[in-house]
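Shown next, in structure tokens, is the structure this report addresses.
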Amino acid sequence: MVGLRSQFGEAATQNIIESHPTKATELRIAYEEWWNDIIEDASIDNLISVGHPSENPTFLTAHDWHATDDSPWNQTIIRNAKICNGYWLLNVETSGKYTIKLYRYPPSTNYSYNQDIAPGDKVDGGTPYPMGKGINLISSKIRVNESEYISQEAVDDTYFEYKINLNSGRTRFQSWMTQKNGISLGSYYVTLERT
């Protein structure tokens, strides 16, 4: 089935496989060749560089989590405050002192984590963002490889901050933000800055 959109914008579907069997076979073969070409890459860990002078601070999003459940990959999920977590695989370029900040909303918005955000504007042909649900966070925790750090205080109810030393090399990094009701979720956004 192929999704079509008419000149008036309404969605329609039409099965064109039967009327174009040669093209359907050609596309199916091309897809299989593409999949066979990239499947080996699926087992390769792609590390996110941290502490490189050309990108300092480094900005992490939950979209890049390694997780057993679906990562929060869009703003609707973020606004609904989905309870989930995962970890990032990093390559710390340079050993040293780092400032790490955990956010619930994108840092550029300056929203506090307990703030409700108004729904988005109507989108032509799409669905507007729902209201963003504020959450009452009381503490956070990070794990850097096997070491854990806990923070009980947030900065302006916007982010939790850590100042720790990171060693260069492959690093597994994970975060938790705990709500007043005891339920934890991963921080959707993180910045790491070598200071």
Could you tell me if the side chain of [Y] sits less than 4.5 Å from the side chain of [X], heavy atoms only?
{"X": "Asn167", "Y": "Asn145", "result": "no"}
{"X": "Leu89", "Y": "Thr171", "result": "no"}
{"X": "Asp70", "Y": "Lys82", "result": "yes"}
{"X": "Ser175", "Y": "Leu102", "result": "yes"}
{"X": "Ser168", "Y": "Ser95", "result": "yes"}
{"X": "Ile100", "Y": "Val190", "result": "yes"}
{"X": "Ser140", "Y": "Trp176", "result": "no"}
{"X": "Arg194", "Y": "Thr94", "result": "yes"}

Okay, side chain of [X], backbone of [Y]: is any donor-acceptor separation there less than 3.5 Å?
{"X": "Thr191", "Y": "Pro57", "result": "no"}
{"X": "Thr58", "Y": "Asn56", "result": "no"}
{"X": "Tyr162", "Y": "Lys141", "result": "yes"}
{"X": "Asn181", "Y": "Ile183", "result": "yes"}
{"X": "Lys133", "Y": "Asn80", "result": "yes"}

Mind listing the side-chain donor-acceptor pairs of residues 59-69 below 3.5 Å, one per line with the distance, residues two or more places apart or on another chain?
from: Thr61; atom 1: OG1; to: His63; atom 2: N; distance (Å): 3.4

* Asked: What about Tyr149 and Tyr189, same hydrophobic cluster or not, with Ile/Leu/Val/Met/Phe/Trp/Tyr joined at side-chain heavy-atom distances under 4.5 Å?
  ->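 Yes, one cluster joins them.
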* **Distance, nearest 0.5 Å, that separates CG of Leu47 from CG of Leu90** =>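 It comes to 8.0 Å.
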* Atom CD in Gln174, atom CZ in Arg143: separation rounded to 0.5 Å? ->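 Here the interatomic distance stands at 6.0 Å.
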Results of side chain to side chain contact (heavy atoms under 4.5 Å, CB included) for [X] - residues two or more places apart only:
{"X": "Gln152", "value": "Ser139, Ile150"}
{"X": "Glu93", "value": "Ser49, His52, Asn91"}
{"X": "Tyr129", "value": "Gln75, Thr76, Arg79"}

I need the minimum non-hydrogen distance between [X] and [Y], along with the two atoms involved.
{"X": "Ile17", "Y": "Ala24", "value": "CG2-CB, 4.0 Å"}
{"X": "Trp88", "Y": "Ser187", "value": "CH2-O, 3.4 Å"}
{"X": "Arg104", "Y": "Ile78", "value": "NH1-O, 2.8 Å"}
{"X": "Asp116", "Y": "Gly134", "value": "OD1-N, 2.7 Å"}
{"X": "Gly51", "Y": "Tyr98", "value": "CA-OH, 3.5 Å"}
{"X": "Gln115", "Y": "Tyr105", "value": "O-OH, 3.0 Å"}

* Exceeds 12 heavy-atom contacts within 6.0 angstrom, atom CG of Asp121 ->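 It does not: Asp121 CG has 12 such atoms or fewer within range.
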Under 3.5 Å, side-chain donor or acceptor atoms of residues 28-39 against the rest of the protein: list the pairs with distances, not counting sequence neighbours.
from: Asn36; atom 1: ND2; to: Glu32; atom 2: O; distance (Å): 3.2

* Check: Ser184/Thr178 side-chain N/O donor and acceptor closer than 3.5 Å ->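 Checked: Ser184/Thr178 side chains pair up, N/O donor to acceptor below 3.5 Å.
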Side-chain atoms of residues 106-113: list all donor-acceptor pairs with protein atoms under 3.5 Å, sequence neighbours left out, distances to 0.1 Å.
from: Thr109; atom 1: OG1; to: Pro106; atom 2: O; distance (Å): 2.7
from: Thr109; atom 1: OG1; to: Tyr111; atom 2: N; distance (Å): 3.3
from: Ser112; atom 1: OG; to: Asn114; atom 2: OD1; distance (Å): 2.8
from: Tyr113; atom 1: OH; to: Leu137; atom 2: O; distance (Å): 3.4
from: Tyr113; atom 1: OH; to: Asp157; atom 2: OD1; distance (Å): 3.3

